[in-house]
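Step one of this worksheet: look at the structure below.
Because the structure is a prediction, the values reported are computed rather than measured. In what follows, every heavy atom counts, from backbone to side chain, and hydrogens, waters and symmetry copies are set aside.
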Amino acid sequence: MTETIASGPAGSAHVDDQPRPGRWLALAVLVLAVLLVGVDATVLGLATPFLSEDLRPSGTQLLWIGDIYSFVIAGLLVSMGSLGDRVGRKKLLLIGSVGFGAMSVLAAYASSAEMMIAARALQGVAGATLMPATLALIRNLFHDPRERSLAIGIWGAMASAGMAVGPVLGGFLLGHFWWGSVFLINLPVMALLVAVGAKVIPESRNPDPGPWDIPSVGLSLVGIVAVVYAVKEAAVEGYRWDIAVAAVLGVLALIWFVRRQLTLPSPLLNMKLFAHRGFSGAVLADLLTILGLSGLVFFLSQFLQMVQQRSPLNAGLVELPAAIGAVGAGLAAGWVARKLSVRIVVAGGLAVVGLALVGCTTLHADTGTAALCFILFIVGVGAGFSFTVTADVILSNVPKEEAGAASAVSETAYELGAALGIALLGSIVTSIYRGFPTPGGVSEPAADAARESLGGAVETAGQLPGGQGGALLRAAQDSFVDGVDVAAGVGAAVLLAAAGAAWFLLRGQELGSGPADADTAAFATGGQEPRGTGPAERP
């Protein structure tokens, strides 16, 4: 069932704005993909100590395992979102779901660090089809802005629920099975999504999309991956000529990409969308928020398991309050934003997360469970409010025909922020960690092996005599905690800066109170700011 849109220019396209039957059932299927992505993101952190012991990755390889998925998905999201607008969002979602399941099997049975990195990269290719397609389909399923706000809240809540289910389910699996089992839990969810989604999700696409520009796809991928790679390598290794070449190549590719989009009659991404302050402000807020959070979150599971010596299941339960807070905040975000304002909810949420991260700067091996749960709950509440409202703002300011590409911009900001956060904050943790002094009696080769990663320190300490092993492990743990504390402080500064930017850029922005697709389409194609400052200010 393809969306009924009359032929003609995007600005004159007509979509039946009557409520679509079965839209809530279709939403229930769509959020399965979001649930899957949330689960997959969190179980990897829990599995990291087991990966370290089995695959024995170097410190750099461990970072690549953590962020290669984000690198690839960030480079392909805009291309895949635009492809969904052209070939059909439902079709791309189902194909991507099958591919994601297949790559999960490959990751589960990886026999080396290199194979795991490759599997995660291929998961990124498949994953790039999932999130933009789900948001774009919500944009086309729900024409009433209030219903759409609730649907986006449910979408965000399920992403948070996946983050909640992931650590608990992953902790149970890691306590009873080998680490590959955390990837195999994707398969039943994927099977259900494909089987039911094929019947209940309506197809939608742009009726007059123009060709899919392959050179733009290549420029987007090369530009984003090269820039993020350069940032990551410079943070870890310092400045070298090859890193500088990658950075220059990436920047030139992105400049070329933007210039090409401005001249194409049917661009991969309509750059005029960024002329709207609400759209660009919401995208920037998402990027900075994830950048500030992701590096800390990546190392939190290692802190809980290898510093505080918690079991995987116990570590998952400690992380649960963050997702609970995000679920509740996500469901209430639309209502609260209409009662207060968009910028109060977004900027306030980000400020709350920043202040919570300030509390993380005092983490130590003896930090109690109650304190950790409280801090993570506050982080979840603030992030739930912010992410849900920014997603609503982004979708409210684009025409239905370009929902896939615009949704992909939102997800690109998320994934790019995650990759940069892991690269930058993770590199801070790694550089501080590697500086711990060699305890007396421990040989330099053993200390060097321990400095590769905290997992390597645990393994090396187990091979040394009791006193030496204990001293080496304590030195490594103390140094790791010092790195996490500094990274939390940097993350807090980024979040507070993001709150300030959101307060300025989202000034006057409101969530829609009635259909506004004609105005947003005219704005997107003509490049003119709509009357007023947000969809709610138009009749």
Side-chain angles (χ1 to χ4, degrees), residues 67-68 70-83 85-86 121 124-125 128 132 209-235 237 239-288 290-291 394 397-398 402 404-424 494 497-498 501 505 523-529:
D67 60 26
I68 188 63
S70 295
F71 285 3
V72 174
I73 202 172
L76 289 176
L77 272 168
V78 170
S79 300
M80 292 300 183
S82 179
L83 182 62
D85 290 341
R86 286 161 167 77
V125 175
W212 198 53
D213 189 57
I214 299 300
S216 294
V217 174
L219 289 171
S220 172
L221 179 61
V222 171
I224 292 178
V225 171
V227 166
V228 175
Y229 169 81
V231 171
K232 173 187 180 300
E233 289 300 302
E237 304 293 340
Y239 293 97
R240 302 193 310 257
W241 70 267
D242 56 321
I243 296 175
V245 169
V248 171
L249 176 64
V251 170
L252 291 177
L254 290 177
I255 293 174
W256 191 359
F257 172 81
V258 172
R259 291 176 63 88
R260 187 174 180 85
Q261 303 317 295
L262 292 173
T263 58
L264 287 174
S266 300
L268 204 68
L269 175 63
N270 187 350
M271 301 306 297
K272 294 175 182 177
L273 292 172
F274 290 95
H276 192 285
R277 180 164 44 82
F279 181 90
S280 56
V283 171
L284 179 63
D286 284 352
L287 188 150
L288 292 178
I290 290 298
L291 193 157
I394 288 169
N397 284 294
V398 299
E402 299 184 45
S407 300
V409 172
S410 171
E411 294 303 318
T412 299
Y414 185 98
E415 296 297 339
L416 189 59
L420 288 171
I422 291 175
L424 295 175
V494 171
L505 292 172
F523 155 65
T525 55
Q528 298 298 316
E529 187 88 17

Task: Of all pairs that satisfy salt bridge (charged side-chain N to carboxylate O under 4.0 Å, His left out), the ones with a partner from residues 252-268, not counting sequence neighbours - done: D213-R260
TODO: Using the salt bridge (charged side-chain N to carboxylate O under 4.0 Å, His left out) rule, collect all pairs that involve residues 218-228, keeping only residues at least two apart or in two chains.
DONE: none
N/O donor to acceptor pairs below 3.5 angstrom from side-chain atoms of residues 220-227, sequence neighbours left out:
{"from": "S220", "atom 1": "OG", "to": "G75", "atom 2": "O", "distance (Å)": "3.3"}

- [ ] State the CE-OG1 distance between M271 and T263, to the nearest 0.5 angstrom.
- [x] 11.5 Å
- [ ] Identify, with sequence neighbours excluded, every residue that meets side chain to side chain contact (heavy atoms under 4.5 Å, CB included) alongside A121.
- [x] I68, V72
TODO: Applying side chain to side chain contact (heavy atoms under 4.5 Å, CB included), name anything that partners A282, two or more places apart in sequence or on another chain.
DONE: T390, V393, I394
Indicate every side-chain donor-acceptor pair of residues 246-257 with a distance under 3.5 Å to a residue at least two apart or in another chain.
none

Open item on the list: For a 4.5 angstrom cut-off between non-hydrogen side-chain atoms, does L262 reach P267?
Closed with: no
